[in-house]
Protein chains: 2
Amino acid sequence: MTQRVALWQNIKDLLHGEIVQGVWRAGARLPTEADLALRFDVNRHTVRRALQALAEEGLVQPRRGAGVFVRAAPLRYPIGPRTRFRQNLLSAGRTPSRKLLHLSQQSASSAEAKALGLVPGAPVHVMEAISFADDLPISLARSCFCATRFPELGVALRDTNSVTGALANVGVADYLRKSTRLTGQNADPVQARHLQLSTGDALILSEAINVDVTGRPVEFGRTYFVGERVELVLESEDNAAFVT
Amino acid sequence: MTQRVALWQNIKDLLHGEIVQGVWRAGARLPTEADLALRFDVNRHTVRRALQALAEEGLVQPRRGAGVFVRAAPLRYPIGPRTRFRQNLLSAGRTPSRKLLHLSQQSASSAEAKALGLVPGAPVHVMEAISFADDLPISLARSCFCATRFPELGVALRDTNSVTGALANVGVADYLRKSTRLTGQNADPVQARHLQLSTGDALILSEAINVDVTGRPVEFGRTYFVGERVELVLESEDNAAFVT
DNA sequence: TACTATTTGTGCGTATGTATT
DNA sequence: TAATACATACGCACAAATAGT
């Protein structure tokens, strides 16, 4: 029944090798425990023991009901005066993409109005989107723009699927990060689903204000970064503040 | 069958508390898995899951066939010119004791003869003993002394059960550590049994030469310290050398 | 030395709970 | 809602190391 080396140890080593060798890529889902049990012709418990060891090594991460996923090395994400999502990912050698969730015109909340220098209730474009690096969700963002100043921005955001591109289309050739506030959050079930996480997983909420070259606010963004998939790197000493 | 918090989690927390509160002292053996299963009225697997978590926290250590033991905080063991086993333990607030394994007169090996400045084959007293701190094995030592110079030392070692005391009885009122060499070793089954360890556990082999006040070697000692129970602290910069 | 009882380690089978899709 | 997939728990059996006789 038992060998000199435990069965689960062999399976662990084998899967470890396959992950390191790239058979299962970062972020990929492993076959189900049942499938692995079939493949190795062992009981599901034995596979679970192997997966548990891999999880303790930090190589893999199980999500109840979803599967077991290969952990990706965190993405270095510089935050500075010229923070650009696409540029950040390209220079990290990752492929950026965005999935638009919502795009609508609403009346600004008090926080949004204050950030953008508007009166409460003023019309704003609101965009919600998920950002991906190599098809792995990195962040969940909600961006606000003044709809009075940029009436055509909604269309531009939908067409370009890029904040930088859309702002360029409406006459804002450049913008700068004015302030960033970072806080820690736990993913609620909806966020977890969108970001392919488990409920309660750590998120970093970034509340940022971007201004044009004249210093006038153009965007107020609230972005939830996946804590384990990004490493936010602060590059400038402006108004960034850390809050737990 | 399943609660909001897993059964094994509760058991883990409970045992954790009992260990921290001193219900199970450092070095003590916990009840067997079967007993714990009875106590908590759960399956043995459930107890094992809790113990596994405690072991991963480093709070407990299982030994196949022997039991599950509470890990003790490592003992700070200074090594310097005046290294004294009893003194070291007393100043650490631990109770020292020794168990004599062997005491005999033999002919010196070449290494022993060289260390003591004798000719190979010269008669030497050889003592093997286990040292304890609060009844927990700390080290396994083999000491050599010149039997020609100290014919009565064998009796003195048996009577005093102390190197310092025995040497005083034969006219060596004081002695100094001349050299110490430290290497890493793995416990063989015999050592593991004596030291209440598992085979393969890490040991630190200390090979030391003690000299009298005239600089003449009086003792050559080879001591196997239990890696996880002691923290050797070097206090002088004489001939100490570290080898892996 | 050899044997036995004890104790932890591994593995299978089964059932059910819970979260996700 | 239903199906899927991981999480927990029980019971049984045997292997392997240990400790004592």
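Chain A is the first sequence line, chain B the second, and so forth, proteins listed ahead of strands; every chain is numbered from 1. Quick caveat: nothing in here was measured; it's all calculated off a predicted structure.
- Along DNA chain C, the nucleotide nearest to B:D35 and the one nearest to A:T199 differ in position, and the one closer to the 5' end is contacted by B:D35.
- The distance between atom CG of B:L38 and atom C1' of C:dT6, rounded to the nearest whole Å, is 15 Å.
- Sparse packing is recorded around CG of A:D135, with 12 or fewer heavy atoms of other residues, nucleotides or ligands lying under 6.0 Å away.
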Side chains of residues 11-22 of chain A: which donor-acceptor pairs under 3.5 Å do they make with residues two or more places apart or in other chains?
| unit_1 | atom_1 | unit_2 | atom_2 | d |
| --- | --- | --- | --- | --- |
| A:K12 | NZ | A:E57 | OE2 | 3.1 |
| A:H16 | ND1 | A:E57 | OE1 | 3.2 |
| A:E18 | OE1 | A:W24 | NE1 | 2.8 |
| A:E18 | OE1 | A:R39 | NH1 | 3.4 |
| A:E18 | OE2 | A:R39 | NH2 | 2.6 |

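- Without hydrogens or angle criteria, B:N88 side chain to B:T83 main chain gives no donor-acceptor distance under 3.5 Å.
- Rounded to a whole Å, the CD atom of A:E33 is 8 Å from the C1' atom of D:dA7.
- Between B:T46 and the phosphate of D:dC10, there is a side-chain N or O to OP1/OP2 separation shorter than 4.0 Å.
- Rounded to whole Å, atom C1' of D:dA5 lies 8 Å from atom CZ of A:R29.
- In this structure, the NZ atom of B:K12 is 12 Å from the P atom of D:dT8, given to the nearest Å.
- Within a heavy-atom distance below 4.0 Å of DNA chain C, the residues of residues 186-198 of chain A found are A:R193.
- In this structure, A:R44 atom CZ and D:dC6 atom P are separated by 7 Å, rounded to whole Å.
- Side chain B:H45 to base C:dG9: no donor-acceptor pair is found below 3.5 Å.
- Side-chain proximity of B:V68 to C:dT14, D:dC10, C:dT8: nearest is C:dT8.
- Neither OP1 nor OP2 of C:dG11 sits under 4.0 Å from any side-chain N or O of A:N43.
- For DNA chain D, none of the residues of residues 133-141 of chain A falls under the heavy-atom distance limit of 4.0 Å.
- Distance alone, capped at 3.5 Å, places no donor-acceptor pair between the A:S139 side chain and the A:A141 backbone.
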Query raised in the report: What's the verdict on side-chain hydrogen bond (donor to acceptor under 3.5 Å, both in side chains) for B:T32 and B:D35, showing C-alpha distance, side-chain angles and the deciding distance?
Result: CA-CA 5 Å; B:T32 68; B:D35 287 345; 3.3 Å; yes

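- Residues satisfying the side chain to side chain contact (heavy atoms under 4.5 Å, CB included) test with A:A92, not counting sequence neighbours, are A:L75, A:R94.
- Every residue two or more places apart in sequence or in another chain that forms a side chain to side chain contact (heavy atoms under 4.5 Å, CB included) with B:E128 is listed here: B:L101, B:H102, B:R142.
- In this structure a side-chain-to-backbone donor-acceptor pair under 3.5 Å is present from A:E112 to A:S109.
- Less than 4.0 Å separates DNA chain D from at least one heavy atom of each of the following residues of residues 48-67 of chain B: B:R63, B:R64, B:G65, B:A66.
- Under a 3.5 Å cut-off, the side chain of B:R63 and the backbone N or O of B:F69 do not form any donor-acceptor pair.
- Remark: C1' of D:dC10 and CH2 of B:W8 are 17 Å apart, rounded to the nearest angstrom.
- Environment of CZ in B:R193: sparse, with no more than 12 heavy atoms of neighbouring residues, nucleotides or ligands closer than 6.0 Å.
- With contacts defined as side-chain heavy-atom distances shorter than 4.5 Å, the pair A:F40/A:T46 does not qualify.
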